[in-house]
Amino acid sequence: MQKKVKKLIILGMAALMACSVMGCGKGSGSGDEIVLGYIGPLTGESALWGKVESDTLKMLVEETNDNGGILGKQIDLKIYDNRGDAVETTNAARKALQSDNVVAFIGPDSSSCAIALSEVCEEYKVPHITTTGTNYKVTQHEEDGSVRPYAFRICLSDPQLGDIMGGVCI
């Protein structure tokens, strides 16, 4: 089971990086690396989950770089603490985009923070993939239900989970 999760995360990272490098035209400036950002709770009540995610990403990035990187480029992972807060998520994302040349994000792990990141990513046209943000608003606009083009998720959405759980209970 751990191998499947690991492969899923690597696949998600590869897709985001490929989209960022090829589609967005942004980069770190050096041309030798792809700068990814992780935003998650490293302090506060949810710090345990952020530590697990960030440590996993560090290991995956190290392994990927040891195997030649992606598209011949090394990955530079920048890690940002959002303290489990939507405002902190927005601040971290803007810093990452404006100062650190991040081209894609992984995280955060909560719906409220992932929604905040979705809005920033849409503004800057930068992709992100949330790990466990289940609220439909992470990937859809609330007003009209249209898809957020830069927001992705690894998990099912709340409506999908409700359908599955409803089917099990019947």
Side-chain angles (χ1 to χ4, degrees), residues 1-44 46-86 88-111 113-133 138-139 148-155:
M1 185 65 158
Q2 279 184 321
K3 281 192 168 200
K4 286 183 182 182
V5 171
K6 182 178 176 182
K7 286 182 182 180
L8 181 62
I9 291 172
I10 290 172
L11 178 63
M13 285 176 49
L16 278 175
M17 288 185 278
C19 173
S20 298
V21 172
M22 291 184 248
C24 299
K26 295 179 98 176
S28 65
S30 72
D32 296 334
E33 62 185 18
I34 299 168
V35 183
L36 287 182
Y38 166 75
I39 297 180
L42 302 175
T43 57
S46 300
L48 170 66
W49 308 116
K51 176 95 170 105
V52 169
E53 286 182 345
S54 64
D55 286 350
T56 300
L57 286 171
K58 287 177 193 174
M59 289 187 295
L60 291 172
V61 165
E62 182 179 335
E63 181 181 320
T64 301
N65 285 341
D66 288 348
N67 289 317
I70 293 183
L71 303 173
K73 298 178 185 254
Q74 294 291 290
I75 301 165
D76 180 14
L77 178 66
K78 305 283 187 185
I79 297 176
Y80 304 91
D81 181 10
N82 70 358
R83 299 182 187 128
D85 181 78
E88 290 293 330
T89 300
T90 299
N91 293 340
R94 291 188 189 285
K95 176 193 182 297
L97 294 165
Q98 294 170 356
S99 301
D100 297 337
N101 299 311
V102 168
V103 297
F105 291 101
I106 299 167
D109 65 346
S110 72
S111 291
C113 294
I115 292 166
L117 182 58
S118 292
E119 292 169 4
V120 174
C121 287
E122 193 164 344
E123 177 184 341
Y124 284 86
K125 298 181 178 12
V126 171
H128 85 94
I129 187 165
T130 182
T131 53
T132 57
V138 171
T139 55
R148 292 183 185 269
Y150 300 96
F152 303 90
R153 76 172 87 238
I154 294 175
C155 59

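All values derive from a computational prediction rather than experimental measurement.
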Report summary line: d(Ile115 CD1, Ser111 OG) to nearest 0.5 Å is 6.0 Å
Query raised in the report: With no hydrogens and no angle check, is any side-chain donor or acceptor of Ser99 less than 3.5 Å from a backbone partner on Ala96?
Result: no
Query raised in the report: Which atom names give the shortest non-hydrogen contact between Thr130 and Ala114, and what distance separates them?
Result: OG1-CB, 3.7 Å
Report summary line: All heavy atoms of Gly107 vs all of His128, minimum pair found to be O-ND1, 3.5 Å
Report task. Verify, without hydrogens or angle tests, whether Asn82 (side chain) and Glu88 (backbone) share a donor-acceptor contact under 3.5 angstrom. Result -> no
Requested in this report: Using a strict 4.0 Å threshold on nitrogen-to-oxygen distance, state whether Glu53 and Lys58 make a salt bridge.
Outcome: no
Report summary line: In this structure, CG of Asn65 is separated from CG of Asp76 (nearest 0.5 Å) by 8.5 Å
Requested in this report: Measure the OH-CZ distance between Tyr150 and Phe105 for me, rounded to the nearest 0.5 Å.
Outcome: 14.0 Å
Report task. Quick one: closest heavy-atom pair of Leu97 and Val120, and the distance? Result -> CD1-CG1, 3.8 Å
Query - Atom pair CD1 (Ile106) and OG1 (Thr131), whose distance is rounded to the nearest 0.5 Å - result: 9.5 Å
Query raised in the report: How far apart are the closest heavy atoms of Ser118 and Arg148, and which atoms are they?
Result: CB-CD, 3.6 Å
Query raised in the report: Can you tell me if Tyr80 and Asp100 form a side-chain donor-acceptor pair at under 3.5 Å?
Result: yes
**Report entry** Spacing of CG belonging to Asn91 relative to CZ belonging to Arg83, to within rounding of 0.5 Å
**Finding:** 9.5 Å
Query raised in the report: Partners of Asp81 by side-chain hydrogen bond (donor to acceptor under 3.5 Å, both in side chains), sequence neighbours excluded?
Result: Thr43
Query raised in the report: For Leu117 and Thr90, what are the C-alpha separation, side-chain angles and deciding distance, and is it a side chain to side chain contact (heavy atoms under 4.5 Å, CB included)?
Result: CA-CA 6 Å; Leu117 182 58; Thr90 299; over 6 Å; no
Report task. Could you tell me which non-hydrogen atom of Gly84 sits nearest to which non-hydrogen atom of Pro41, and how far apart they are? Result -> N-CB, 3.7 Å
Report task. Apply side chain to side chain contact (heavy atoms under 4.5 Å, CB included) to Ser54 and Leu42, showing your working. Result -> CA-CA 8 Å; Ser54 64; Leu42 302 175; 3.7 Å; yes
Query raised in the report: Can you tell me how far the NZ atom of Lys78 sits from the NZ atom of Lys95, to the nearest 0.5 Å?
Result: 8.0 Å
Report summary line: Taking every heavy atom of Leu36 against every heavy atom of Val102, the minimum-distance pair comes out as C-CG1, 4.0 Å
Query raised in the report: Do NZ/NE/NH1/NH2 and the carboxylate oxygens of Lys73 and Glu33 come within less than 4.0 Å?
Result: no
